[in-house]
Amino acid sequence: MKPVFHILILLPLLLGAGCGDSEAASASRAWVWDLPETVPPPRVPEDNPMSEAKVELGRFLFYDTKLSGNQTQSCGSCHQQAVAFTDRLAQAEGSTGEEHPRSSMSVANAGYAASLTWANPAVVRLEDQALVPMFGTDPVELGLEGMEDELLRRLRDDERYPEMFAEAFPKALDPISLDSITKAIAAFQRALLSFDSRYDRWNEGDETALTASEQRGMALFFGGSTAAGATDALECFHCHGGFLLSQSVDHDGNEFNQQTFFNNGLYNLDEDGSYPEGNEGLFDITNDPADKGKFKPPSLRNIAVTAPYMHDGSIATLEEVVEHYARGGRLLESGDGKENPNKSSFIKGFFINEQEKADLIAFLHALTDNKLLTDPAFSDPFAE
Amino acid sequence: MKRLGTWMALSALALGCGDSSSSSQRAELAFAAMVGAEPFVCGQEYSDLGADGASLVLSDFRFYVQDIELKNDAGEWVPLKLDENEFQNGDVALLDFENKCGDLGTEEMNERVVGTVPAGQYDGLRFKMGVPFERNHANHSTEPSPLNLTQMFWNWQGGYKFLRIDSGQFSTNDWRMHLGSTGCEGDAQAGGVTSCANPNRVEVEWDTFDADTDTVVADYAALVDGANLGDDQAADVGCMAKPTDTDCGPLFQNLGLPFGDQPGGTQSFFSAE
């Protein structure tokens, strides 16, 4: 083990002199972000530059069931392209059948998240986040804990991967490693861009991109007045604003930590505003009672295809989501979320008539990027 | 607990190491895992544990140590410079008392820490159970052994499990103790974790410790003293060190760590015997 470690350190030094040609070759295929002018590129870690070969390798790994202990699931099992990389379930199910307390988040535009997953300020790099579903046990997701050698063996024995890894990591002495696996999957996720909805075309100046109803819904979403005469009654964009339609955003050039977590009044089990135990959001990390029920506001891009909604999938339809916010919190037998002491001040409740509700939902449907749902570059290479 | 001599002054070893050779000596610390009066044996059942006298089949017993220092005869704390091997790297060593008796773990075991100190007389020991912050929150995927064991990854907090003691095989009757830093915050700009509200590194310090005859004993019975093992209170199985996991109170007390409103104190998990 020790000699290998030293060789790995030395090798880049030894090879340094002879690397000119391959550097030039990879530079000629430099990664180009396919983004509208309204969207900045994602932050790319210095130790994981983008390349076409790496993204393609990441696509294969993302969809490969070799990445679960019992080879029944891949990342793509819970993150399915047809539904914007979610899974239609209220709560995800791991490879061993264990139910996850949370609903699978869309991984489209995951490269822009200020923090990853629903409510964890500590996980900020896609490369690190990948280790959670792979090796986590609470709950078991991909169930690879303790199987790192077996995983590497599976990939080394594959007829396709040795060449793909070598191409994606041309300077690595031993390209098939845990590090290169997480880096390739992270690169694929950074390439999973979704900014080609009709809303984006409207922003680029195409005035035919949105219907009259969708335009009215957009105005309500971004602070317009309701028929009842209230200005900015809906308050949607305060949490779901910006190019990502989430205020929890990071990108290349961003100078600030923009992590945000809000309580939106789903539960109120006691005077502390408790949520169901073990699924209380930021509180599970900080233990600060004021953080009970605080979750990251997810991006609303592609929201129409990612039902059911909320961190635990407890709201089935967009209509019910709008009604939830109109009431200003959810009334359950266990307590009234409207009265939750930690609830965001943006969630005050509002009056919305049927036409306005239909307009708002029409706008949310206009956030769907149909290209994302079918783009062969993001599709399952193992599907027939 | 019997073992071969430890404080071997090996001038021969230092032959290739230049000037420091004449002034350093070998040092070895012995560790043992116990459950009350009985040695820990992977897969064995132990009874009369905790406040409720529970019985558990223990299947894992591993922990990391860092910042190991010995006290010289001038009363100064001197770092033990660790050898590099599969259980030791930089300032970190893994003690591993399980032998893969169940589905998890590794067959290899490690019950000692080996390294060098400046030549001299030493009569005290201090160390922390943990992984130093910088390495705890570095890229786990590129770390060498012993920081590349995925069973010790604790990625929901961006770190490692400092201590892992499991019972059973992930059934509902299990009782597991996983300890690491909690309350961590990160920053996408910084590219990782920037601070943790609860570092949860266990500090151990003994003014008198004779490495020739003494062993560092980690005692599971002392760890769970006062805990109700048969009555799992929180959503997690056993104590997963979450600040919200009410099963953890007595264990944190025995580790000398603060937990919620409960202040930290002196640890009783480790003893010198």
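Chain naming here is simple, since letters A, B, ... match the order of the sequence lines and numbering starts at 1 in each.
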Handout entry: Which portion of A:Gln259 sits near chain B, non-hydrogen atoms under 4.5 angstrom
Key = side chain
Fill in the blank from the handout: Okay, B:Met152 and chain A: the region with an atom under 4.5 Å from a heavy atom over there is neither
Fill in the blank from the handout: Closest non-hydrogen atoms of B:Cys184 and A:Ala122, given as atom of the first, atom of the second and distance, are O-CB, 3.6 Å
Practice task
Please check if atom CZ in A:Arg43 has more than 12 non-hydrogen atoms from other residues, nucleotides or ligands closer than 6.0 Å.
Solution key: yes
Practice task
Output the distance between atom OG (B:Ser141) and atom CG (A:Leu178), rounded to the nearest 0.5 Å.
Solution key: 4.0 Å
Problem - Expected output: side-chain A:Glu148 to main-chain B:Thr150 donor-acceptor under 3.5 Å - result: yes
Problem - Top contributor to chain A contacts, counting heavy-atom pairs under 4.5 Å, from B:Gly260, B:Ser195, B:Gly183 - result: B:Gly183
Practice task
Pick one of side chain, backbone, both or neither for A:Met134, based on which atoms fall under 4.5 Å of a heavy atom in chain B.
Solution key: neither
Handout entry: Contacting moiety of A:Thr182, where chain B heavy atoms sit under 4.5 Å
Key = side chain
Handout entry: chain B contact via A:Glu255 - which portion, at a heavy-atom distance below 4.5 Å
Key = both
Problem - From NZ (B:Lys161) to OG1 (A:Thr137), nearest 0.5 Å - result: 5.0 Å
Problem - A:Ala114 versus B:Ala188, closest heavy-atom pair with distance - result: O-CB, 4.0 Å
Practice task
May I ask you to test the B:Thr182-A:Ile285 pair for a side-chain heavy-atom distance under 4.5 Å?
Solution key: no
Completion exercise
If you tally heavy-atom pairs under 4.5 Å between each of B:Leu149, B:Asn139, B:Val193 and chain A, the highest tally belongs to B:Asn139
Problem - Test: B:Lys242 and A:Glu277 ion pair at under 4.0 Å - result: no
Practice task
Supply the atom-to-atom distance B:His140 NE2 to A:Glu127 CD, rounded to the nearest 0.5 angstrom.
Solution key: 13.5 Å
Exercise for the section: Sort out for me which of B:Gly159, B:Gly186, B:Gly158, B:Gly192 touches chain A most, counting heavy-atom pairs under 4.5 Å. Expected result: B:Gly186
Problem - Over all atoms of both residues, closest heavy-atom pair of B:Leu104 and A:Glu145 - result: CD2-OE1, 3.2 Å
Handout entry: Pair B:Asn155-A:Asp128, side-chain donor/acceptor within less than 3.5 Å
Key = no
Problem - Atom pair NZ/OG1 of A:Lys292 and B:Thr244 - distance to nearest 0.5 Å - result: 8.5 Å
Problem - chain B contacts, top residue of A:Asp250, A:Asn257, A:Leu144, A:Val123 (heavy-atom pairs, under 4.5 Å) - result: A:Asn257
Fill in the blank from the handout: Turns out that what part of A:Phe283 lies under 4.5 Å from chain B's heavy atoms comes down to both
Handout entry: Minimum heavy-atom distance between A:Val132 and B:Trp156, given as atom pair plus value
Key = CG2-N, 4.1 Å
Exercise for the section: Over all heavy atoms of both residues, which pair between B:Gly191 and A:Arg125 is shortest? Give the atoms and the distance, please. Expected result: O-CD, 3.1 Å
